[in-house]
Amino acid sequence: MEISLLYSGVNALIVLVILSSPYKIIQKPIDFGSLNLLQTTDTASTDFGRLQFNPPASVLKPKTPEDISLLLSFLSSSSFSQVSVSARGAGHSIHGQAQALDGIVIEMSSLPLEIKVHENGEMERGLSYVDASGGALWIEVLKETMKVGLAPRSWTDYLYLTIGGTLSNGGISGQTFKHGPQIANVLELDVVTGKGEMVTCSPTKSSDLFYAVLGGLGQFGIITRARIPLQQAPKKVRWQRVFYDDFESFTKDQELLISIPELVDYVEGFVVLNEQSLHSSSIAFPAHLEFKPEFVKNGRFNVYYCIEFAIHDNQLEGIHVEKIVKEISRMLSYMQSHLYSVEVSYLDFLNRVRMEEKSLRSKGLWEVPHPWLNMFVPRSGISKFMDFLMESISPNEFEGPILVYPLLSDKWNINASVALPRAIETGKERVMYVVGVLRSINPTVCKMDCLNKILHEHQQIAQAASRPHIGARQYLAHHPSRIAWHEHFGSKWTRFAERKAQFDPLHILAPGQGIFPRVTVDLQE
């Protein structure tokens with residue numbers, strides 16, 4: 001039975017008492033005004049990582065951004081409430097970052113899907129752009145924009161993530177060296193702050209909030225709309241893979257490729273540890289690989305590396321992509337006879353991880369624990385970091401990819417909240433690497449003790465790598481304490497804390513990150 005409440009002072013207080021009860025459990029759906037706070041769902045307490053399971057007291061499925069504003073306005077004006085709120089997009093976090101134990105989870109996918117494309121000339125600078133709701137998936141944006149031959153410039157590898165989710169973290173992929181992360185490719189945002197204020201912001205309007213929420217881990221506001229610049233979508237993509245047997249040549253060639261953005265549109269790389277890593281990474285690559293590495297020789301494990309780079313083919317007269325590929329390949333120092341090249345559609349290239357997802361789902365290995373570790377490592381420390389990382393890995397047992405590819409510091413806006421290595425933030429170094437240790441755990445083989453051991457190892461790796469001799473920073477970070485978060489943000493911590501005080505002073509938002517404890521203020525004070 002539904003409890004109907006008029007949104008009056010008395011009835012709002014009743015709702016507040018319910019939400020603030022020591023039991024923190026809402027036994028029935030609550031309706032006040034246009035809001036429906038429903039009983040919790042299974043998805044609200046789980047995520048892709050499957051490492052944390054923190055059930056909320058209730059779930060809000062908003063029909064409009066105003067619903068989110070109403071909820072946060074109510075909570076922020078009721079200072080003695082203990083209730084916190086998390087926005088959940090596609091639930092692709094690893095350590096429960098979008099969960100809210102005994103609080104309220106906002107299901108952003110419940111917002112109406114709104115994707116509106118504006119072609120050249122509809123803006124004062126003649127830019128094409130798309131306005132997309134915060135709960136829209138990037139794959140939905142791509143399909144809509146491609147109807148008019150356009151597409152965003154910067155992507156993530158996996159497209160079944162929400163706009164608001166990736167912009168709250170960073171959003172990186174093989175295009176980042178050229179166009180910057182997704183948070184550097186935003187023209188305007190609609191945000192609901194922790195105080196319930198609905199604000200339209202941009203680099204020139206309410207810019208403090210604009211840069212705060214970009215890479216802000218959901219701490220300052222909830223993104224309900226984003227305006228993303230568009231470029232001409234290529235007809236085809238020429239996709240190459242080349243293999244290496246030593247790390248120095250692998251990184252040297254990656255840095256060469258990102259130095260010629262006029263020719264290359266995408267650069268990534270990964271470690272080839274075993275047969276499983278070789279074949280799983282090739283599911284979406286539509287070519288037969290004759291690469292047959294010798295993983296074990298004389299009792300020792302051999303590690304190989306693969307660079308994949310791509311060139312957009314707009315099929316323009318006078319431009320021959322095959323010649324460009326040959327020109328580039330002559331510059332590289334890969335293992336001879338191991339260059340593989342295919343032509344695919346732009347949609348299939350960007351959506352390549354979907355094929356790997358389907359393969360893993362068919363084997364029952366998608367909805368399993370994912371104790372991922374992602375690091376930003378300055379160029380000067382990448383060899384030391386990889387040596388340290390590989391010491392903790394058993395090549396014959398590891399399941400999942402290890403991504404390694406370079407990014408450029410001048411493609412990131414220092415005003416955004418995301419934390420980068422100190423050497424990058426100070427301008428001492430221009431190149432940094434992203435290293436993604438993307439493990440998948442088969443629960444029939446790796447039980448809880450095994451999983452906890454991996455998580456402990458990752459924590460030790462992250463802590464050691466953050467010290468000055470390597471100077472790395474976690475991406476999509478998870479830290480056990482506020483002190484650790486302080487160290488994570490370094491010189492940016494003061495600004496980060498000031499932004500929190502300005503836009504979410506009661507620390508209502510994003511409790512799953514574990515950065516700021518909920519603030520309680522007695523109204524009688």
Side-chain angles (χ1 to χ4, degrees), residues 157 173-175 177-178 236-313 319-344 348-349 352 355-356 379 382-383 385-387 389-390 393 395-396 398 400-407 431 433-436:
D157 287 333
S173 185
Q175 302 88 0
F177 82 94
K178 185 168 184 171
K236 299 285 185 179
V237 172
R238 199 72 191 181
W239 185 8
Q240 286 70 227
R241 284 188 170 179
V242 288
F243 289 89
Y244 297 79
D245 56 8
D246 77 280
F247 188 71
E248 184 178 352
S249 297
F250 168 71
T251 55
K252 181 180 178 181
D253 279 2
Q254 282 190 317
E255 291 175 27
L256 186 153
L257 288 168
I258 67 170
S259 73
I260 47 175
E262 69 278 7
L263 297 178
V264 179
D265 296 289
Y266 165 98
V267 177
E268 283 197 16
F270 58 90
V271 182
V272 183
L273 285 174
N274 49 43
E275 290 288 345
Q276 184 272 338
S277 66
L278 176 62
H279 293 302
S280 64
S281 65
S282 302
I283 291 172
F285 191 74
H288 176 67
L289 299 181
E290 296 179 357
F291 181 53
K292 302 184 185 303
E294 193 173 13
F295 289 111
V296 181
K297 184 176 182 180
N298 298 326
R300 294 185 60 185
F301 287 104
N302 294 321
V303 176
Y304 298 84
Y305 309 90
C306 176
I307 294 176
E308 57 177 21
F309 64 97
I311 300 167
H312 291 174
D313 185 358
I319 297 179
H320 303 285
V321 174
E322 286 291 345
K323 288 184 178 180
I324 296 174
V325 172
K326 289 180 180 179
E327 178 185 345
I328 293 173
S329 65
R330 283 195 292 266
M331 305 178 191
L332 304 178
S333 302
Y334 59 91
M335 298 171 68
Q336 292 303 308
S337 303
H338 291 301
L339 183 151
Y340 303 91
S341 181
V342 295
E343 184 181 76
V344 296
D348 286 346
F349 175 72
R352 60 197 178 278
M355 292 182 64
E356 296 177 29
R379 180 180 182 272
I382 187 61
S383 293
F385 177 82
M386 290 303 296
D387 288 343
L389 174 66
M390 297 308 295
I393 289 174
N396 59 327
F398 189 93
I402 299 178
L403 304 182
V404 184
Y405 60 92
L407 311 173
V431 176
Y433 281 79
V434 57
V435 180

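Excluded from the calculations below are hydrogen atoms, water molecules and symmetry mates; all remaining heavy atoms, backbone and side chain alike, are included.
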Enquirer: What class does the angle between the rings of F295 and Y304 fall in, given that below 30° is parallel, 30 to 60° is tilted and above 60° is perpendicular?
Expert: perpendicular
Enquirer: In the structure I gave you, are the side-chain heavy atoms of R241 and Y334 within less than 4.5 Å of one another anywhere?
Expert: no
Enquirer: Under 3.5 Å, side chain of Y266 to main-chain N/O of V237, donor-acceptor pair present?
Expert: no
Enquirer: Go through the steps to decide whether V267 and K178 satisfy the test side chain to side chain contact (heavy atoms under 4.5 Å, CB included), and finish with yes or no.
Expert: CA-CA 9 Å; V267 177; K178 185 168 184 171; over 6 Å; no
Enquirer: Please name the pair of heavy atoms, one in W239 and one in P286, separated by the smallest distance, quoted to 0.1 Å.
Expert: CZ3-CD, 4.1 Å
Enquirer: Looking at side-chain heavy atoms only, is the closest gap between S249 and Y305 below 4.5 Å?
Expert: no
Enquirer: Does a donor on one side chain and an acceptor on the other come within less than 3.5 Å for E308 and Y340?
Expert: no
Enquirer: Would you say E262 has more than 12 foreign heavy atoms packed within less than 6.0 Å of its CD?
Expert: yes
Enquirer: Is there a donor-acceptor contact under 3.5 Å from the side chain of R352 to the main chain of F349?
Expert: yes
Enquirer: Which value, rounded to the nearest 0.5 Å, describes the distance between F243 atom CZ and Q336 atom CD?
Expert: 14.5 Å
Enquirer: Report yes or no: does D245 contribute a side-chain atom to a donor-acceptor pair with the main-chain N or O of M335 at less than 3.5 Å?
Expert: no
Enquirer: Given side chains that start at C-beta, do those of Q240 and I328 come closer than 4.5 Å, heavy atoms only?
Expert: no
Enquirer: Can D157 and E268 be said to form a side chain to side chain contact (heavy atoms under 4.5 Å, CB included), step by step?
Expert: CA-CA 10 Å; D157 287 333; E268 283 197 16; 2.6 Å; yes
Enquirer: Say whether, by atom type as modelled, one donor and one acceptor occur between the side chain of K236 and the main chain of D313 under 3.5 angstrom.
Expert: no
Enquirer: How long is the gap from CD1 on I402 to CD1 on I393, to the nearest 0.5 Å?
Expert: 3.5 Å
Enquirer: To the nearest 0.5 angstrom, please state how far the CG atom of L289 sits from the SG atom of C306.
Expert: 8.0 Å
Enquirer: Please report the C-alpha distance between F398 and S277 in whole Å, then the side-chain angles of each, then the deciding distance to 0.1 Å, and finally whether the side chain to side chain contact (heavy atoms under 4.5 Å, CB included) criterion is met.
Expert: CA-CA 8 Å; F398 189 93; S277 66; over 6 Å; no
Enquirer: Could you go through V264 and F177, starting from their C-alpha distance and side-chain angles, then the distance that decides it, and tell me whether this counts as side chain to side chain contact (heavy atoms under 4.5 Å, CB included)?
Expert: CA-CA 10 Å; V264 179; F177 82 94; 4.2 Å; yes
Enquirer: What heavy-atom pair brings G400 and Q276 nearest, and what distance separates the two atoms?
Expert: N-OE1, 3.7 Å
Enquirer: Checking side-chain contact (heavy atoms from CB on, under 4.5 Å) between F309 and each of I258, D265, D253, L257, which is the one that passes?
Expert: L257
Enquirer: Starting at CD of Q175, measure out to NE2 of H312 and round the result to the nearest 0.5 Å.
Expert: 6.5 Å
Enquirer: Does some side-chain heavy atom of V296 sit less than 4.5 Å from a side-chain heavy atom of N396?
Expert: no
Enquirer: Any side-chain to backbone donor/acceptor pair from N298 onto R300? Under 3.5 Å, distance only.
Expert: no
Enquirer: Indicate yes or no: at least one non-hydrogen side-chain atom of F385 is less than 4.5 angstrom from one of V435.
Expert: yes
Enquirer: CG/N302 to CG/D246 distance, rounded to the nearest 0.5 angstrom?
Expert: 12.0 Å
Enquirer: Between V321 and E343, is there a side-chain heavy-atom distance shorter than 4.5 Å?
Expert: no
Enquirer: Drop me the distance from E327's CD to L263's CG, to the nearest 0.5 angstrom.
Expert: 5.5 Å
Enquirer: Quick one, I311 and V325 - any side-chain contact, counting heavy atoms below 4.5 Å?
Expert: yes
Enquirer: Is there a side-chain contact between E290 and K292, using heavy atoms and a 4.5 Å cut-off?
Expert: no
Enquirer: Quick one: closest heavy-atom pair of L407 and S173, and the distance?
Expert: CD2-O, 4.5 Å
